[in-house]
Amino acid sequence: MNNRLYGSLIFELSHPGRRGYSLPRNSFEGYSTHQLPASLRRADDAQLPECDELTVVRHYTNHSANNFGVNNGFYPLGSCTMKYNPVIDEEIAAMQEFSALHPMQPAETCQGALEVYYSMQTLLAELTGLSEFTLNPCAGAHGELTGLMVIRAYHNSRGDNARTKVIIPDSAHGTNPASAAVCGLEVLEVKSTADGLVDLADLKRIVEAEGTQVAGMMMTNPNTLGLFEKDIPAIAQLIHGCGGLMYYDGANLNPMLGACRPGDMGFDVMHINLHKTFATPHGGGGPGSGPVGVRQGLEPFLPTPRVVADVNNTMLHVETGEYEQALGSIGQFFGNFAVVLRAYTYILSLGRENIKLVGPLATLNANYIKEQLKDDYKLPIGSLCKHEFVFDGLADKSTGVTTMDVAKRLLDYGYHAPTIYFPLLFHESLMIEPTENESKETIDGFISVMRTIAREARETPDVVKQAPHNTPIGRVDDVLAARHPVVTFKQMNNE
């Protein structure tokens, strides 16, 4: 392969006068009414790359080979970012009957799309044990904010305006305290025990001291360590007892499918990362969807617009102003429709019987990897995990090989690195999430590579410390890149 085409920027391949396109003649030429105002016209030509078509095609085709996704290979942070998205989901989302719709067209002309929304709300309510969902939020954190706004609206409707604090475990996702702050709530941190679960004693202390000001408690279950919070009934009793509401962060809902439902545990409000649990990969920042569900009695506080059926159940309508206590609009229209379509297709493809296997299979895969690797990697908490687990780096620390080194070395073997240095409870955290989709053969291959890297760390540590060796770019200075990013290219003439 021509390394110049492979490793260069498109600007570096530019030569003055090269063209790879032609534009049609301006049909409005000579008509002054169609001339751009002088204030909008450039004084000098735009500094764009000048390349022939074949150079452009080869350049971007070669670079596309560097993209890594779940269709290329095993992605060991699957349920967080890259869960497999079946092809049928994409086919349905791309159907012209859906993709050509306009969100402003009359409801009677898009009954099929409204039926998807309406049915999806019902399916999510059944899967989670809650009463009603809104599909409006466009991401997980957006769902968190919406859910917290529902909780605040509930307390304010009762004149209980002093409830301005929310309890969040120290192992929570970083978006939890951020969402609380955006919602105007103060965060009260509850500590974890040595076995990684919420410390009930510390929670009781907080409730006794702050109970009248507690709006609710946010919990992720299983938590960020992949552990099931077994004390939820006692936790719910404490929070409900002081007048607060229970909020379920659904980012880790994957292993719960078919096993239990948040509504049955005592949660009042939750969001679902639809793109995590139901198969729309969102690596690189999107797309996403964060539906919010509530228990019976909290439905009036959900945002608008809403899709509702008429009295005869023969026509679906969009309602906006019928709910006095509603939050109003929290986003454009109904959120990311294509993500909802993919998730809806995923759920229907599995059906009632097979969706019950999602959680157990994700749990089986994670525990299998954990048990196979626990001799080579430090396992700080050895109890049964759910869909994910966390190592604290290599078991043998004497070589100086870090979690970062292991992650970089994985790239040489064709695997994307898992989440590293999170959660913050351990110094060398390495989080692995296989999801339910992966076969035993794929998982065995990953285990074999992880063992190989552990052996290399013992026998030839410099090989691991200097990884990656087989990628177009080696290690970059992360601190320099963050503090002094280079986001522009200085055009140079290549004669």
Side-chain angles (χ1 to χ4, degrees), residues 121-135 137 140-155 163 165-169 171-173 175-177 179-180 183 185 187-188 190 192 197-198 200 203 206-207 211 214-224 226-274 276-278 290-303 327 359 386-387:
Q121 292 168 181
T122 303
L123 287 173
L124 294 180
E126 183 173 349
L127 286 169
T128 59
L130 294 171
S131 175
E132 188 172 330
F133 267 82
T134 175
L135 303 177
H142 195 196
E144 287 178 18
L145 177 61
T146 302
L148 290 170
M149 290 169 67
V150 167
I151 291 175
R152 290 210 70 173
Y154 163 76
H155 289 307
R163 295 191 178 273
K165 300 180 180 181
V166 61
I167 301 172
I168 301 177
S171 63
H173 291 126
T175 51
N176 284 186
S179 297
C183 194
L185 295 166
V187 174
L188 303 173
V190 59
S192 297
L197 304 177
V198 169
L200 274 179
L203 179 60
I206 294 172
V207 169
V214 171
M217 179 173 180
M218 300 183 78
M219 289 188 68
T220 305
N221 190 47
N223 64 24
T224 309
L227 304 175
F228 187 86
E229 294 280 359
K230 59 183 177 58
D231 294 320
I232 285 178
I235 293 171
Q237 186 175 10
L238 280 171
I239 300 302
H240 289 152
C242 76
L245 298 181
M246 290 289 290
Y247 181 93
Y248 188 102
D249 180 333
N252 291 347
L253 185 63
N254 204 159
M256 298 293 97
L257 291 179
C260 55
R261 306 189 305 175
D264 299 335
M265 300 180 203
F267 286 93
D268 305 288
V269 182
M270 76 170 293
H271 87 270
I272 295 176
N273 288 48
L274 207 62
K276 287 186 180 185
T277 309
F278 301 108
V292 170
V294 295
R295 63 156 169 81
Q296 189 172 13
L298 295 177
E299 302 94 337
F301 302 100
L302 288 172
L327 296 179
K386 294 303 175 184
H387 69 305

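Basis for what follows: all heavy atoms, side chains included, without hydrogens, waters or symmetry-related copies. Here, residue 1 is the first one in the sequence, and each next residue gets the next number.
- A distance-only check finds a donor-acceptor pair linking the side chain of Asp268 to the backbone of Met246 [under 3.5 Å].
- With Arg163 contributing its side chain and Val214 its backbone, the two residues share a donor-acceptor pair below 3.5 Å.
- Here the shortest heavy-atom pairing between Met270 and Pro262 reads SD-CG, 3.8 Å.
- Not a single donor-acceptor pair under 3.5 Å links the side chain of Asp249 to the backbone N or O of Met219.
- At least one donor-acceptor pair under 3.5 Å links the side chain of Thr224 to the backbone N or O of Ser171.
- Defined by atom type and a distance below 3.5 Å, a donor-acceptor pair is missing between the side-chain atoms of Tyr248 and His271.
- The main-chain N or O of Gly297 is found under 3.5 Å from a side-chain atom of Glu299 such that the two form a donor-acceptor pair.
- Judged by distance alone, with hydrogens and angles left aside, the side-chain atoms of Arg295 form no donor-acceptor pair with the main-chain N or O of Ser131 at under 3.5 Å.
- Contact annotation: the side chain of Ile232 never approaches that of Val198 to less than 4.5 Å [non-hydrogen atoms, C-beta and beyond].
- Distance alone, capped at 3.5 Å, is enough to place a donor-acceptor pair between the His155 side chain and the Ala215 backbone.
- For the side-chain contact (heavy atoms from CB on, under 4.5 Å) criterion with Val294, the lone passing option out of Ile151, Leu130, Leu302, Leu245 is Leu302.
- In summary, the side chains of Glu144 and Ser179 do present a donor paired with an acceptor at a separation below 3.5 Å, with no hydrogens or angles considered.
- Residues Ala251 and His173 share a closest heavy-atom pair of CB-CE1, 3.5 Å.
- Side-chain contact annotation: Glu229 with Asn221, donor-acceptor N/O pair under 3.5 Å absent.
- Atoms CD1 and SG, on Ile167 and Cys242 in that order, are 6.0 Å from each other to the nearest 0.5 Å.
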